[in-house]
Amino acid sequence: MTKSELIDVIAKEQGHLAYRDVELAVKCMLEQMSQALASGDRIEIRGFGSFSLHYRPPRQGRNPKTGESVSLAGKYVPHFKPGKELRERVNGGVDSDTES
Amino acid sequence: MSLTKAEIAEKLFDELGLNKREAKEMVEMFFEKIRLALEDGGQVKLSGFGNFDLREKKQRPGRNPKTGEEIPICARRVVTFRPGQKLKARVEAYAGSEQ
């Protein structure tokens, strides 16, 4: 499912809203989530999961073309941890993970 | 600080003029439709944000960390998130204190 398909299914069920409003709402939600992560905040959605940042320390990398060594600065990467309900539902209703 | 459904709904109310009930329903439905697609075995691709993929994990040996007892970890299907280029670039620019 793509973003536009997601907009379609929501618009179909929210018949009282104009398609354009659903489109704006989905984009607004994704932008808000991106913005939160970009400013170092977590996102916590019960039953879905949480997004946070993980730190990657600086390291020595290599230019694959020239073989030259380059220093790469430390950086943050987005991380998603699925919530209990999502974990169970994608696994046929069974939560085989022991930690909650 | 962390972003929650209530704050996302609040923004839809403030910025798009949805009423409170519509805004709350919209947020619920957004996450529920993503869960449904994943539950049905489909990948979810949200351009500019990232992709939610499914991976089949094989059974592997595990251990109860408290008792040291060996228990196999069952085969299962799990969700993984791969952030898109745009989100990665925005987050990389964050120069906050190390967590």
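A, B, ... follow the sequence lines: proteins, then strands. Residue 1 opens every chain.
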Apply the test side-chain contact (heavy atoms from CB on, under 4.5 Å) to residues B/R90 and A/L37: give CA-CA distance (whole Å), side-chain angles for both, the deciding distance (0.1 Å), then the verdict. CA-CA 8 Å; B/R90 287 176 71 175; A/L37 292 171; over 6 Å; no
Which residues in residues 34-42 of chain B have any heavy atom lying under 4.5 Å from a heavy atom of chain A? B/I34, B/R35, B/L36, B/A37, B/L38, B/E39
With a strict 4.5 Å heavy-atom criterion, list every residue of residues 53-70 of chain B that contacts chain A, or say none.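 Contacts with chain A: B/L54.
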Are A/Y55 and B/V91 in one and the same hydrophobic cluster, where Ile, Leu, Val, Met, Phe, Trp and Tyr link if side-chain heavy atoms are under 4.5 Å apart?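 Yes, same cluster.
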Shared hydrophobic cluster for B/L46 and A/V77 (ILVMFWY, side-chain gaps under 4.5 Å): no
Show the nearest heavy-atom pair for residues A/S34 and B/F49, with the distance to one decimal.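 So the two residues come closest at OG-CD1, 3.4 Å.
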Heavy-atom closest pair, residues A/F80 and B/V79: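 Taking every non-hydrogen atom into account, CE2-CG1, 4.2 Å.
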Counting only heavy atoms closer than 4.5 Å, note whether [X] contacts chain B via side chain, backbone, both or neither.
| X | answer |
| --- | --- |
| A/S50 | neither |
| A/R46 | backbone |
| A/A25 | both |
| A/P82 | side chain |

How far apart are the C-alpha atoms of B/M26 and A/V22, what are their side-chain angles, what is the distance that settles it, and do they pass the side-chain contact (heavy atoms from CB on, under 4.5 Å) test? CA-CA 8 Å; B/M26 178 63 69; A/V22 176; 4.1 Å; yes
Atom pair [atom1]/[atom2] of [X] and [Y] - distance to nearest 0.5 Å:
| X | Y | atom1 | atom2 | answer |
| --- | --- | --- | --- | --- |
| B/N51 | A/M1 | CG | CE | 11.5 Å |
| B/L16 | A/K27 | CG | NZ | 12.0 Å |
| A/E31 | B/E15 | CD | CD | 9.5 Å |
| B/L87 | A/M33 | CG | CE | 9.0 Å |
| B/E7 | A/E44 | CD | CD | 10.5 Å |
| B/E32 | A/L86 | CD | CG | 10.0 Å |

Side-chain atoms of residues 4-18 of chain A: list all donor-acceptor pairs with protein atoms under 3.5 Å, sequence neighbours left out, distances to 0.1 Å.
{"from": "A/S4", "atom 1": "OG", "to": "A/T2", "atom 2": "OG1", "distance (Å)": "3.4"}
{"from": "A/E5", "atom 1": "OE1", "to": "A/T2", "atom 2": "N", "distance (Å)": "2.9"}
{"from": "A/D8", "atom 1": "OD1", "to": "A/Y19", "atom 2": "OH", "distance (Å)": "2.9"}
{"from": "A/E13", "atom 1": "OE2", "to": "B/K33", "atom 2": "NZ", "distance (Å)": "2.4"}
{"from": "A/Q14", "atom 1": "NE2", "to": "B/E25", "atom 2": "OE1", "distance (Å)": "3.3"}

B/K86: what forms a salt bridge (charged side-chain N to carboxylate O under 4.0 Å, His left out) with it, not counting sequence neighbours?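 B/K86 satisfies salt bridge (charged side-chain N to carboxylate O under 4.0 Å, His left out) with no other residue.
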Return the option, out of B/L3, B/V44, B/I8, with the maximum number of heavy-atom pairs under 4.5 Å with chain A.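 Most heavy-atom pairs under 4.5 Å with chain A: B/L3.
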Heavy-atom pairs under 4.5 Å with chain A are the metric here; pick the option from B/I71, B/T4, B/V78, B/L12 that has the most. B/L12
Quick check against the 3.5 Å criterion: does A/K3 have a side-chain atom that pairs as donor or acceptor with the backbone of B/S47? yes
